[in-house]
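Keep in mind that the numbers below use all heavy atoms, side chains included, and drop hydrogens, waters and symmetry copies. Proteins get letters first, then strands, A, B, ... in listed order; numbering begins at 1 in each. Only a predicted model underlies this, so the values are computations on that prediction, with no experimental measurement involved.
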Amino acid sequence: MPRPPTKNSSSSAASRSRILLHGASDSDSDRSSSPSSSEAEAEEEEEEEVVSSEDEKEEEVVIGNEEDKKKKAPITISLKKICKVCKGTGHQAGFQGATYIDCPMKPCYLCKKPGHTTMSCPHRVAMEHGVVPASRRNNQTSMDYVFDRQLKTEIPKIKPAFVIPSQVDCGLIKFHSRRITSLEFHPTQDNVLLSGDKKGQLGIWDYGKLHEKMVYDSIHSCIVNNIKFNSNGEGTFYTSSSDGTICCTDLETGIPLVLLDVNPNGWNGAATWRMLYGMDNNPDRGLLLVADNFGYLYMVDGRSKTKIGEPVLIHKKGSKVVGLHCNPAQPDLLLSCGNDHFARIWDARRLVGESSLASLSHGRVVNSAYFSPRTGNKIMTTSQDNRIRVWDSIFGNLDSPSREIVHSHDFNRHLTPFRAEWDPKDPSESLVVIGRYISKNYNGVALHPIDFVDISTGKLVAEVIEPEITTISPVNKLHPRDDVLASGSSRSLFIWRPREEDDSSRHQHEQKSKGFLVPKAEKKSRRKFDQESDDDSDLDPKGKKPKQKKFNGKTAQNGKSKVKIVG
DNA sequence: AAATTATGACTCC
DNA sequence: TGGAGTCCCTAATT
């Protein structure tokens with residue numbers, strides 16, 4: 001980072017290197033802050049002040065060697081601590097231990113509003129973890145009234161307690177060779193999970209038998225965006241990919257059949273390469289719907305395996321359509337969402353451009369849009385503006401969402417986009433799961449929990465963590481029948497089940513995970529998992545809270561995953 | 001152990 | 001309208 005030339009520092013080389021060393025090792029030593037680090041920090045700060053008070057003007061050192069040889073701009077290194085976010089002085093953004101300190105000059109990264117930082121965001125403070133409902137709109141329409149009178153009576157009055165799969169049961173560490181991009185449970189075989197990754201690999205795993213797993217890497221050549229099972233019971237499943245194809249693959253043999261290829265002329269540069277996203281099927285018509293990165297929707301007849309009609313522009317031309325969902329109660333009702341910041345409702349029988357039944361506006365890219373799984377009467381979207389939006393009735397006023405729930409999931413590269421997913425088992429259609437981007441300090445380790453949110457109130461129901469999972473879990477899916485959560489975190493897969501007794505702590509230490517399959521080369525780094533055992537020495541006598549442990553740079557606690565029930 | 005890389009949306013001109 | 005520059009708590013690799 002070239003900076004304007006400054007005069008040479010008068011500091012001695014010795015003191016210079018010492019100071020530089022301090023600066024360089026700073027974040028490291030902070031991250032691994034031992035219990036006694038407060039003293040060290042204080043010492044360090046003192047030293048800093050000495051430096052800056054010694055000579056304010058000499059805050060930059062010129063490394064002059066190169067300047068002597070070539071007449072290039074000199075490379076300078078700042079000795080004064082500057083904020084890596086805004087380059088200003090007087091403060092520093094970044095991790096201090098496992099707590100992230102925000103740059104005060106930037107707007108809040110959570111709610112995106114100026115005047116406060118993420119730490120002091122009212123959305124975070126109010127609900128503790130960044131989830132808060134926006135006020136319910138008060139412009140009830142007559143349709144809302146009809147809905148309340150006629151349909152709501154069908155919905156059970158008493159909400160059953162939410163069941164939270166909060167403890168890791170088993171996992172496949174680095175099963176995939178790239179990060180997980182999609183997950184799908186088998187519709188009838190309870191323990192079978194399919195997973196797709198960024199490289200195009202497709203994993204099939206029977207998590208009832210830890211070792212029954214398989215990875216196919218010849219089905220797709222890049223990102224597997226969607227996995228859907230064939231509803232006709234043929235034992236095949238569909239996948240859509242950024243390689244521009246839909247494949248129909250036999251679950252037993254892994255032999256794929258290409259149903260659709262939207263790049264018949266091959267590669268002619270990135271500007272024209274079409275990628276397929278948001279695949280869903282319409283079981284009533286045996287239709288497969290899929291969309292591309294230029295705004296177009298395609299339809300394929302699942303039986304004749306042929307393309308139907310011409311592609312239809314359903315989102316802004318040239319913009320990526322990221323999601324499609326057929327209404328579970330009325331499959332001809334289609335929901336789409338995309339990079340043009342809109343989610344749209346369509347009648348799939350009359351699909352022509354500009355003919356959407358409704359357009360739902362968002363602040364940024366819409367990562368996902370789903371009808372509710374039972375009645376299909378609600379809509380939930382996840383947008384990169386850090387909000388989960390809920391429309392309580394598709395028959396009501398769709399001009400504005402019924403609720404906006406602020407939640408940290410804004411990250412658009414390096415990670416698979418976050419999507420809030422319904423719990424298909426919740427009769428009240430209000431429990432959803434979504435991974436959290438922003439980290440939280442759990443006994444000295446920065447962890448990214450998986451959040452369970454009640455979208456009828458906006459309340460955070462639970463945040464689940466596993467101290468060994470230090471990576472973000474953007475891909476989550478709840479089982480259609482069992483109390484099971486599957487999560488994809490980086491290249492690893494995890495199966496979560498409810499804690500056997502959430503209220504009692506007596507037998508907590510007896511709970512064990514079944515195990516983790518670790519590739520040979522990774523064994524060393526996974527020692528903690530392998531050792532996970534009857535060792536309950538980290539539990540205090542009451543067994544309620546795990547004892548705090550020194551942060552060793554990797555993990556705060558041995559042992560058990562935890563869930564925090566909020567409220 | 002720091003540097004590098006992959007990588008997507010957004011802003012600005 | 002499009003290309004360059006920017007961005008923020010990534011994760012694996014060297």
Report which part of the nucleic acid A:Lys112 touches: base, sugar-phosphate, or nothing (heavy-atom distance under 4.0 Å, all strands). nothing
For the base of C:dC7, is there a side-chain donor-acceptor partner from A:Arg413 under 3.5 Å away? yes
Just the rounded figure in Å: distance from P of C:dC8 to CZ of A:Arg436. 21 Å
If you assign A:Arg179 and A:His341 each to the DNA chain B nucleotide with the nearest heavy atom, which residue ends up on the more 5' nucleotide? A:Arg179
Can you see if the side chain of A:His448 gets near the phosphate of C:dT10 - specifically, an N or O under 4.0 Å from OP1 or OP2? no
Please state how far atom NZ in A:Lys84 lies from atom P in C:dT10, giving the value in whole angstrom units. 8 Å
Considering every strand and a 4.0 Å limit on heavy-atom distances, what is the contact class for A:Thr471: base, sugar-phosphate, or nothing? sugar-phosphate
Under a 3.5 Å cutoff, is there a donor and acceptor pairing between the side chains of A:Thr382 and A:His409? no
In whole Å, I'd like the distance from the CG atom of A:Asp410 to the P atom of C:dT10. 13 Å
Partner of A:His220 under side chain to side chain contact (heavy atoms under 4.5 Å, CB included), picked from A:Thr239, A:Ile246, A:Asn225, A:Asp197, is A:Thr239
Counting just side-chain N and O atoms, does A:Lys198 come under 4.0 Å of either OP1 or OP2 of B:dA6? no
Less than 4.0 angstrom between a side-chain N/O of A:Asn412 and OP1 or OP2 of B:dC10, yes or no? no
Does OP1 or OP2 of B:dA9 have a side-chain N or O of A:Lys320 closer than 4.0 Å? yes
Can you classify the ring geometry of A:Tyr207 versus A:Trp205 as parallel (below 30°), tilted (30 to 60°) or perpendicular (above 60°)? perpendicular
We want to know whether A:Asp410 and A:Tyr109 form a side-chain donor-acceptor pair, criterion being a heavy-atom distance below 3.5 angstrom. no
Per atom distances to the A:Ser439 side chain, the nearest of C:dC9, B:dA9, C:dT13 is C:dC9
Between A:Ile180 (CD1) and C:dA11 (C1'), how many Å, whole number? 14 Å
Among A:His362, A:Arg419, A:Gln384, find the one that has a side chain to side chain donor-acceptor pair (under 3.5 Å) with A:Asn367. A:Gln384
Provide the distance between the two P atoms, one in B:dT7 and one in C:dT14, to the nearest whole Å. 16 Å
With respect to the side chain of A:Ser490, which nucleotide from C:dA11, C:dT13, C:dT10 is positioned closest? C:dA11
Among C:dC9, C:dT10, B:dA9, find the nucleotide with the atom closest to the side chain of A:Ile472. C:dT10
Name the closest nucleotide to the A:Thr118 side chain, picking from C:dA12, C:dC9, C:dC8. C:dC9
What integer distance in Å separates A:Lys317:NZ from C:dT1:C1'? 14 Å
If only side-chain N and O atoms of A:Arg178 are considered, is one of them under 4.0 Å from the OP1 or OP2 phosphate oxygen of C:dT13? no
Calculate the interatomic distance between A:Met119 atom CE and C:dC8 atom C1'; express it in whole Å. 15 Å
Ignoring hydrogens and angles, does a donor from either the side chain of A:His414 or the base of B:dA6 sit under 3.5 Å from an acceptor on the other? yes
In whole angstrom, give me the gap between the C1' atoms of B:dT11 and C:dT10. 23 Å
Rounded to whole Å, CZ of A:Phe411 lies from P of B:dC10 at a distance of 14 Å
Pairing donors with acceptors under 3.5 angstrom, does anything connect the side chains of A:Thr416 and A:Thr181? no
